[in-house]
Colleague: 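I am attaching a structure below and will ask some questions about it afterwards.
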Amino acid sequence: MNAMAEPEAEFAVLPGFVAVLRRDLLLAWRTRAEIAQPVIFFIMVASLFPLGIGADMKLLARVGAGVVWACGVLATLLSLPRIFAQDHADGTLEQMALSAYPLSAIAGGKLAAHWLTTGLPLSLTAPVIGLQFGMDAPTQGVLVLSLLIGSPILSMIGAIAAALTLGARGQSLLIALLVLPLYVPVVIFGAGAVESFGAGIDHGAHLALLGAGTLAGLVATPFVVAAAIRIALD
Amino acid sequence: MNAMAEPEAEFAVLPGFVAVLRRDLLLAWRTRAEIAQPVIFFIMVASLFPLGIGADMKLLARVGAGVVWACGVLATLLSLPRIFAQDHADGTLEQMALSAYPLSAIAGGKLAAHWLTTGLPLSLTAPVIGLQFGMDAPTQGVLVLSLLIGSPILSMIGAIAAALTLGARGQSLLIALLVLPLYVPVVIFGAGAVESFGAGIDHGAHLALLGAGTLAGLVATPFVVAAAIRIALD
Amino acid sequence: MLFKYASPASFYPLAGKLAPVFAVIALVLTAVGLYQGFIIAPTDFQQGEVYRIIFIHVPSAWMGMFIYLVMAMYACLALVFNTRLSAMMMQALAPTGAIMTAIALWTGALWGKPTWGTYWAWDARMTSTLFLLFLYFGYMALDNAIEDRRRADKAGALLVLVGVVNVPIIYFSVRWWNTLHQGATVVPGSSKMADTMLAAMMVMTFAMWAYAIAVALWRVRGIILEREKNTAWVQELLDRP
Amino acid sequence: MKPRHKRFVWIAAGLAVLGVAVGLVLKAFNSNLVFFYTPTQVANKEVPQGKPFRLGGLVTAGSVQRDSNGLTVRFSVTDTAKSVPVSYTGILPDLFKEGKGVVAQGRVGADGVFTASEVLAKHDENYMAPEAAEALRKAGHPIKGEMFAGEKPVVTQQPSASSPPSPAPAPAGAKP
Amino acid sequence: MLSAAGLTCQRGDAVLFRDLGLELAAGEALLVRGPNGSGKTSLLRILAGIAAPAAGEVRWRASPDRAARQLETAYQGHTAPLKDELTVVENLDFALALDGAPKSRADILDAVQEVGLASRRNLPARHLSQGQRRRVGLARLVLARRRLWLLDEPATALDAAGLTLFCDVLDRHLAQGGLAVLSTHQPLPLAHPARELNL
Amino acid sequence: MLSAAGLTCQRGDAVLFRDLGLELAAGEALLVRGPNGSGKTSLLRILAGIAAPAAGEVRWRASPDRAARQLETAYQGHTAPLKDELTVVENLDFALALDGAPKSRADILDAVQEVGLASRRNLPARHLSQGQRRRVGLARLVLARRRLWLLDEPATALDAAGLTLFCDVLDRHLAQGGLAVLSTHQPLPLAHPARELNL
Ligand code: HEM
Ligand SMILES: Nc1ncnc2c1ncn2[C@@H]1O[C@H](COP(=O)(O)OP(=O)(O)OP(=O)(O)O)[C@@H](O)[C@H]1O
Ligand SMILES: Nc1ncnc2c1ncn2[C@@H]1O[C@H](COP(=O)(O)OP(=O)(O)OP(=O)(O)O)[C@@H](O)[C@H]1O
Ligand SMILES: [Mg+2]
Ligand SMILES: [Mg+2]
């Protein structure tokens with residue numbers, strides 16, 4: 001009967017984090033196409049963009065960084081509803097709330113998985129698109145850097161919105177509404193970094209701001225998401 | 001026992017269409033916020049746009065129609081997954097397939113409801129955004145007209161994609177992938193009509209093409225959607 | 001006769017026999033076509049040497065469109081007659097079609113720079129060709145995302161059929177709209193091209209054709225094995241050394 | 001109404017709608033949905049006013065003049081009915097030639113001159129060896145190109161000559 | 001009236017049943033029994049025409065026409081097809097319209113009363129308990145009056161009173177010449193004798 | 001070990017139960033009975049700490065700390081929390097990791113065998129039949145070895161053999177000093193005497 005003795009009130013975070021992360025990555029890998037989807041969407045929208053404003057190369061070069069960032073935001077946006085929706089529908093979320101680990105650790109795992117399957121691949125494909133807008137190699141480097149530093153913020157804000165809107169009808173649009181205003185500053189600083197670099201001005205300030213956002217988010221987001229999940233379950 | 005006599009092989013289309021349309025509109029009305037969502041998203045993104053490319057009024061005027069159309073497409077895109085997802089999850093779709101009316105009539109009802117809750121409100125709010133881009137009243141008129149004529153195509157293509165991807169993972173992104181290439185010509189002709197009008201050229205041809213697309217779609221789409229639903233249920 | 005080979009079990013060995021044949025044909029024809037195109041064919045009176053991209057560009061563009069049409073035909077068969085093999089053929093053809101279309105786009109862009117003065121313009125021919133590529137991607141993504149084989153097959157078939165309107169648009173775009181892309185050179189009856197050039201282009205076309213067939217057959221063999229791995233005949237086949 | 005009749009009504013309605021759709025498409029194609037505009041359209045003011053657009057046609061034979069600085073080029077673009085003067089500063093594509101197709105992006109100034117910001121060459125669909133082309137030209141067979149979708153064929157070599165609209169010459173017959 | 005011959009159901013690699021035939025006349029009920037995963041649900045979906053059999057054919061009134069059969073079929077799966085946002089009455093109203101059997105509000109209220117949901121009639125379906133959702137389905141069956149009932153584990157989540165009610169309803173249906181195919185793991189206290197099919 | 005006092009559950013305007021108390025010692029089972037909509041599911045969710053009561057308190061080992069209780073609680077609702085894309089084994093693997101009771105693959109396979117899913121162990125959960133999904137839940141219960149089981153209609157969708165299996169598992173659990181609160185409409189052939197609570 002010792003297997004059912006009172007568990008020590010241990011405070012383990014990592015195993016819960018890892019379990020969820022592993023599972024979500026496994027799920028993504030199961031439907032491999034899924035990992036590719038944000039990237040394909042990203043490339044597609046960014047390539048189609050010139051259609052909207054006409055293919056004036058000078059204009060394109062001017063808006064390049066902004067477009068890449070905006071398309072990245074859109075791709076992220078579209079991927080948000082699926083962070084929690086399925087776990088909610090099939091009852092896994094309840095089980096997570098009852099898990100042996102703090103719900104915040106689990107939320108952290110889901111966040112990490114989301115970034116690894118969206119933010120990271122998006123950041124790494126950005127140069128391809130930058131090329132189309134005529135960026136040179138160093139600028140592309142800054143673009144990737146800005147995305148790597150900034151995209152976790154997108155995942156974090158998005159996860160909060162996704163958790164808050166659980167069970168609401170028309171979730172995907174609701175998320176967009178909540179999230180877009182918050183994404184705007186990220187885009188401004190992210191694109192700003194690239195543009196400053198292109199203009200030969202110091203771009204460190206922009207990147208520093210993004211980095212600060214990411215770090216602050218890392219500390220706070222898991223708890224906010226966990227709270228939002230508890231609300232959704234009640 | 002005559003209530004259970006063999007039913008006449010009647011061929012009724014309208015009652016099925018009306019029943020579904022009524023119910024979907026009722027559902028939308030129940031969650032009133034939902035009707036407003038695409039519109040709010042639309043206004044928000046379109047207003048954020050100037051932030052991206054800087055508030056150069058001349059530039060804004062040049063891209064106005066394109067931006068309005070592109071934002072309309074995005075708003076529609078985000079609303080697509082919910083057309084069938086819930087009916088699929090709760091088994092209503094199966095009941096629709098077993099209904100007394102042809103599945104295509106029911107698909108038609110869903111299409112109409114989707115347009116009435118997305119395309120129509122988007123078209124009617126477009127002038128507000130046109131204003132921000134410095135459009136004059138007649139141009140706004142053409143903008144609304146182009147949206148009214150063209151947005152049904154968006155609903156129709158979208159419904160096909162939504163039905164095809166039922167039960168697929170990562171549905172919202174997959175829909176975007178399938179739909180975006182097909183939306184581009186619509187945007188081109190829609191924005192083209194407005195731009196031609198603004199430039200003082202004949203814009204009838206663009207509108208005629210959009211109208212042709214809508215009409216052809218009206219005839220074919222219900223059947224394609226019905227076929228896709230049957231596939232999803234199998 | 002035809003129906004006999006419509007069953008995967010009998011098509012599998014047939015495909016195994018045919019694939020190498022077509023592969024060899026493809027190799028030979030490519031060699032001949034490249035020799036004819038790059039050594040024998042004269043330079044062009046307007047474009048000089050760059051025009052030789054034509055020997056890759058046009059065949060691949062044709063194949064991109066043609067494979068899509070073939071897929072659409074299989075899609076009809078799959079939806080109407082519910083034949084297993086046609087869905088497998090669609091799945092086998094799609095990557096080749098996508099590659100061909102990508103090559104057409106790529107060579108077209110490369111060719112555009114020296115001749116038109118730009119890599120890319122959003123004219124109707126180019127845009128609609130780009131859509132063709134996206135359609136291939138869409139089909140493959142859908143096919144991948146739906147887990148149930150039967151549903152994936154049918155949904156993919158429906159998508160391919162819906163997208164088929166794009167092919168005539170590509171083909172006639174140069175007639176319907178003013179495009180930057182040139183009009184039709186190869187017109188049945190009266191081609192506007194020197195015979196040697198035309199011959200090289202045709203040889204290359206047949207080479208790509210043979211290549212596409214060979215690759216599709218190979219791929220479909222893999223797909224058949226994968227999908228029928230639990231049937232008696234595949235078990236038997238695998239048990240044999 | 002019998003079910004059969006009802007079904008018939010629906011089919012008829014569907015066909016009618018499709019018919020209207022086809023009509024609209026035909027109307028649209030008769031109109032000017034274009035990648036570029038022709039000089040005739042410029043003359044008739046059927047082009048965007050005060051906005052950039054693309055102008056397409058043939059470079060009028062003998063119209064190309066280079067400015068003293070060597071960078072600015074002046075020429076006129078014609079569709080054989082009307083022509084538009086163009087000025088352009090920049091590098092021309094290799095295939096830019098008198099009598100050949102061209103597509104220029106720019107806008108018409110107050111002086112009626114089209115100031116181009118980009119010039120693309122639009123070559124025709126004929127491919128043959130240089131000698132063959134020369135032979136054909138000597139023999140008096142103009143090489144015909146279909147520059148403008150749905151418009152009347154344009155004679156490229158001698159705009160003034162009333163060459164017969166003969167069936168397309170068979171350059172393929174000329175072997176190197 | 002309902003007959004099937006040579007039905008084979010294959011799911012993935014597993015063949016659930018092969019060459020299955022059945023024959024059901026007016027007023028007869030067929031209880032499909034079998035262990036978990038033996039193919040009861042699959043059989044019902046095939047009979048309903050939602051899924052296609054790998055081989056074999058289903059006939060209704062001697063005709064293989066699926067659409068004609070579906071016009072007289074009521075199918076209930078594992079989940080109750082209710083819209084969470086609509087009330088019980090609204091859900092029924094819509095479902096009946098779809099069934100081609102629109103009913104007046106009074107009729108619907110009567111049925112709601114019969115299945116014991118009178119006090120919940122204006123509650124959005126999302127708040128219903130599991131058994132209450134099933135009861136809405138029962139009301140729909142009663143009102144739609146279709147001839148062939150295909151019910152997948154209809155006793156699930158019903159309390160004792162609910163089960164009696166269901167059996168009464170089913171008995172009435174059979175007495176009126178209706179047909180029913182049910183899958184179930186529980187004994188059903190039916191007055192009408194029912195045939196059994198073991199998968 | 002588990003006790004509750006003064007529990008009140010209000011849903012909308014309806015008060016489902018008021019001032020409800022219960023007391024459960026190690027090795028005891030409590031069957032919650034009551035007509036549809038009487039609040040069985042609501043009670044279980046309150047006991048599990050997923051929902052909060054309008055009034056009253058739940059105590060575990062005499063402490064009201066929810067987190068501590070949840071560490072030893074296994075809750076099973078109406079739906080089986082399975083990922084459609086993962087296989088049976090993968091689902092169990094993940095669920096146990098989450099429960100803080102990771103198990104070796106051999107252990108998992110043993111449990112899968114015990115619940116009769118050996119032949120389906122690598123099948124994605126989306127293809128499982130309703131009863132098979134329930135059986136996966138059973139395997140999880142067995143493996144996770146939590147002390148307090150809160151099971152909402154655990155007999156649903158199980159065939160006769162499944163029901164026996166479930167009762168065996170539950171009896172074993174109780175014999176080992178576990179606790180269980182179950183809601184059910186069916187009679188459960190338990191060897192252990194169980195207390196009943198009528199809502
Ligand atoms: C990215 C740019 C381009 C794309 C997407 C593209 C696409 C296509 C496609 C799809 C076709 C086959 C359609 C048909 O046969 O009717 C085609 C044919 C052809 N293309 Fe391109 N093309 C591009 C650029 C070019 C360029 C730059 C040239 C020459 C300077 C060129 C010359 C041709 C020729 C000669 C044909 C054969 C036409 C015929 O005989 O029908 N293309 N192209
Ligand atoms: N792709 C597949 N490969 C192998 N087996 C499959 C596949 N898809 C479904 N199955 C099996 O098919 C069966 C489906 O059974 P079905 O749902 O009809 O059973 P049931 O008799 O209704 O069971 P229950 O009593 O549990 O509801 C299950 O045994 C399932 O494991
Ligand atoms: N907003 C509300 N207003 C009124 N009643 C509500 C509201 N929300 C829920 N209810 C009622 O609360 C009860 C919830 O019951 P619960 O799901 O706990 O029942 P149960 O005992 O599990 O029933 P079953 O046996 O059917 O599973 C239902 O009777 C439901 O109608
Ligand atoms: Mg079942
Ligand atoms: Mg309950």
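Below, read A as the first sequence line, B as the second, and so on, with proteins coming before strands; counting in each chain starts at 1.
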Colleague: Could you tell me the separation between the CD atom of Gln186(E) and the CD atom of Gln186(F), rounded to the nearest 0.5 Å?
Modeller: 4.0 Å

Colleague: Kindly compute the distance separating OG (Ser38(E)) from CD (Gln132(F)), expressed to the nearest 0.5 Å.
Modeller: 9.0 Å

Colleague: What part of Arg120(F) gets within 4.5 angstrom of chain E, counting heavy atoms only: side chain, backbone, both, or neither?
Modeller: side chain

Colleague: For Leu158(F), which atoms come within 4.5 Å of any heavy atom of chain E: side chain, backbone, both, or neither?
Modeller: both

Colleague: Under a 4.5 Å cutoff for heavy-atom pairs, which residue among Thr79(F), Asp159(F), Leu128(F) has the most contacts with chain E?
Modeller: Asp159(F)

Colleague: Among all residues two or more places apart in sequence or in another chain, which pass the side-chain contact (heavy atoms from CB on, under 4.5 Å) test with Leu24(E)?
Modeller: Leu2(E), Glu28(E), Leu30(E), Leu179(E), Val181(E), Arg195(E)

Colleague: Go through the atoms of Arg134(E) and report whether side chain, backbone, both or neither lie under 4.5 Å from a heavy atom of chain F.
Modeller: neither

Colleague: Nearest 0.5 Å, what's the OG-CD distance between Ser183(F) and Gln130(E)?
Modeller: 10.0 Å

Colleague: Check each atom of Thr156(F) against the heavy atoms of chain E and say whether the ones under 4.5 Å are side chain, backbone, both or neither.
Modeller: side chain

Colleague: In terms of heavy-atom proximity below 4.5 Å to chain E, should Ala157(F) be classed as side chain, backbone, both, or neither?
Modeller: both

Colleague: Pick whichever of Gly34(F), Ser42(F), Gly12(F), Ser129(F) has the most heavy-atom pairs under 4.5 Å with chain E.
Modeller: Ser129(F)

Colleague: Hey, does Arg135(E) have a side-chain heavy atom less than 4.5 Å from the side chain of Asn36(F)?
Modeller: yes

